[in-house]
Number of protein chains: 2
Amino acid sequence: MKADRVIRALSALAQEHRLAAFRLLVQAGEEGVAAGALAEKLDVPPSSMSFHLAQLANAGLVAQRRESRSIIYSADYAAMNGLMGYLTENCCGGIACSDDAACLPSPQRKSA
Amino acid sequence: MKADRVIRALSALAQEHRLAAFRLLVQAGEEGVAAGALAEKLDVPPSSMSFHLAQLANAGLVAQRRESRSIIYSADYAAMNGLMGYLTENCCGGIACSDDAACLPSPQRKSA
DNA sequence: CCAATAATTCGATAAATATAGAAATATGGA
DNA sequence: TCCATATTTCTATATTTATCGAATTATTGG
């Protein structure tokens, strides 16, 4: 993952409503949630919600698909993984990285 | 980890120089890096670097200690873990979370 | 085609953030 | 004490971001 994209992802998540929306999407799974439903659940005007969803989409954190009149958003788990990986890259300079308290469980994991 | 603190952490990381600084600190480990060394390495004026480091510290992502004339910054790995955990909480609604392509390796991990 | 629904884009304004020079604060050594 | 070093705080300015009503675009059903 490139630095520029990581920053867009972090910026996208660094906002109350977007963070809340993303978490709802993470929990919703592949099925996703409609834009309007998110707006209602978060008590945000539709135009504001749309603005925020556009940022999440631009950062590649969510996918969108039309379903009849609604536009359904869903979390992109691969992007989320990429973000985590970038932050923890070369954690601790390789030393003591398996130490429970000091570092992440599996910082440079590529796949299961 | 509380939402407010998560947002401060994400905001802190969502900036070119701060993200770069944090990554250097993550890689440096417990030893840490002096403020001036970071400023030089990132080619940022000392006052700007100080501003950015203050944000990282305020977000709880880094610790600082004085060592003679220098102030040494180091990454707080526990905070980083907390951030990751928050983002992936209840990933996929519990379904298919072990699936390699769909979700994180160990999203709700509490300790090793 | 027309009305209703769902969402986005536009536009104007308010608020927060980044930048960096200058001044101030701490530390260590001669 | 005086000077050099290391960093932070102050201050001003430029830039970016958030908000949300109004207008616009897309879809469905009558």
Side-chain angles (χ1 to χ4, degrees), chain A residues 3-25 28 31-76, chain B residues 3-25 28 31-76:
Chain A
D4 174 69
R5 179 142 173 236
V6 170
I7 289 174
R8 263 186 299 147
L10 290 167
S11 300
L13 293 172
Q15 204 278 341
E16 183 189 353
H17 301 314
R18 290 196 294 264
L19 180 59
F22 183 72
R23 270 161 60 85
L24 285 176
L25 294 178
E31 192 190 340
V33 183
L38 287 170
E40 194 168 4
K41 199 154 225 162
L42 301 179
D43 195 30
V44 167
S47 70
S48 298
M49 192 74 252
S50 195
F51 168 80
H52 291 309
L53 288 170
Q55 307 240 352
L56 287 169
N58 175 259
L61 287 168
V62 301
Q64 59 201 119
R65 67 178 193 275
R66 178 175 282 276
E67 208 158 277
S68 178
R69 270 177 282 205
S70 297
I71 294 187
I72 311 290
Y73 286 84
S74 55
D76 184 322
Chain B
D4 175 68
R5 178 140 174 238
V6 169
I7 288 173
R8 263 185 300 147
L10 290 167
S11 300
L13 293 173
Q15 203 279 339
E16 183 189 353
H17 300 314
R18 289 197 296 265
L19 180 58
F22 184 71
R23 270 162 59 86
L24 285 176
L25 294 178
E31 191 189 339
V33 182
L38 288 169
E40 194 169 2
K41 199 155 225 163
L42 300 178
D43 195 31
V44 166
S47 71
S48 297
M49 192 75 252
S50 194
F51 168 80
H52 291 308
L53 288 171
Q55 306 239 352
L56 288 169
N58 175 259
L61 287 168
V62 302
Q64 60 202 118
R65 67 177 192 273
R66 179 174 280 277
E67 208 157 278
S68 178
R69 270 177 283 203
S70 296
I71 294 188
I72 312 290
Y73 285 84
S74 55
D76 184 322

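Throughout, protein chains are lettered first and strands after them, A, B, ... in sequence-line order, and every chain is numbered starting at 1. Computation of the quantities below employed the complete heavy-atom set of this structure, encompassing side-chain atoms and omitting hydrogens, waters and symmetry-equivalent molecules. From a predicted model like this one, the values you see are computed outputs, not experimental measurements.
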[X] [atom1] - [N] [atom2] separation (whole Å):
X: F51(B); N: dT11(D); atom1: CZ; atom2: P; value: 16 Å
X: I71(B); N: dG28(C); atom1: CD1; atom2: C1'; value: 15 Å
X: L13(B); N: dA18(C); atom1: CG; atom2: P; value: 12 Å
X: I7(A); N: dT17(D); atom1: CD1; atom2: P; value: 11 Å
X: Q64(B); N: dT25(C); atom1: CD; atom2: C1'; value: 15 Å
X: L53(A); N: dA6(C); atom1: CG; atom2: P; value: 16 Å
X: L10(B); N: dT17(C); atom1: CG; atom2: P; value: 13 Å
X: L56(B); N: dT8(D); atom1: CG; atom2: P; value: 12 Å

In short, L10(A) meets L13(B) closest at the heavy-atom pair CD1-O, 3.5 Å
Closest non-hydrogen contact found for V33(A) with A28(A) is CG2-CB, 3.7 Å
Would you classify [X] as touching base, sugar-phosphate or nothing, given that sugar-phosphate means primed atoms plus P, OP1 and OP2, and contacts are heavy atoms under 4.0 Å?
X: A34(B); answer: sugar-phosphate
X: S48(A); answer: base
X: P46(B); answer: base

Considering only [options], which nucleotide approaches the side chain of [X] most closely?
X: R66(B); options: dA26(D), dA18(D), dT27(C); result: dT27(C)
X: R18(B); options: dT27(D), dA18(C), dA18(D); result: dA18(C)
X: R69(B); options: dT8(C), dA4(D), dC20(D); result: dA4(D)
X: Q55(B); options: dA26(C), dT8(C), dA18(C); result: dA18(C)
X: Q15(A); options: dT8(D), dT8(C), dA18(D); result: dA18(D)

Please determine if a side-chain N or O atom of [X] lies less than 4.0 Å away from the OP1 or OP2 oxygen of [N].
X: S47(B); N: dT9(D); value: no
X: Y73(A); N: dA6(C); value: no
X: H52(B); N: dT17(C); value: no

Output the distance between atom [atom1] ([X]) and atom [atom2] ([Y]), rounded to the nearest 0.5 Å.
X: S11(B); Y: N58(B); atom1: OG; atom2: CG; result: 10.0 Å
X: R23(B); Y: R18(B); atom1: CZ; atom2: CZ; result: 16.0 Å
X: L56(A); Y: Q15(A); atom1: CG; atom2: CD; result: 9.0 Å

When only distance counts, do a donor and an acceptor, one from the side chain of S68(B) and one from the base of dG28(C), lie under 3.5 Å apart? no
State, with a plain yes or no, whether a side-chain heavy atom of L25(A) is found less than 4.5 Å away from one of L61(A). no
The residue, S11(A) or M49(B), whose nearest nucleotide of DNA chain D is more 5′ is M49(B)
On DNA chain D, more 5' by nearest nucleotide between E67(A) and V44(A) is V44(A)
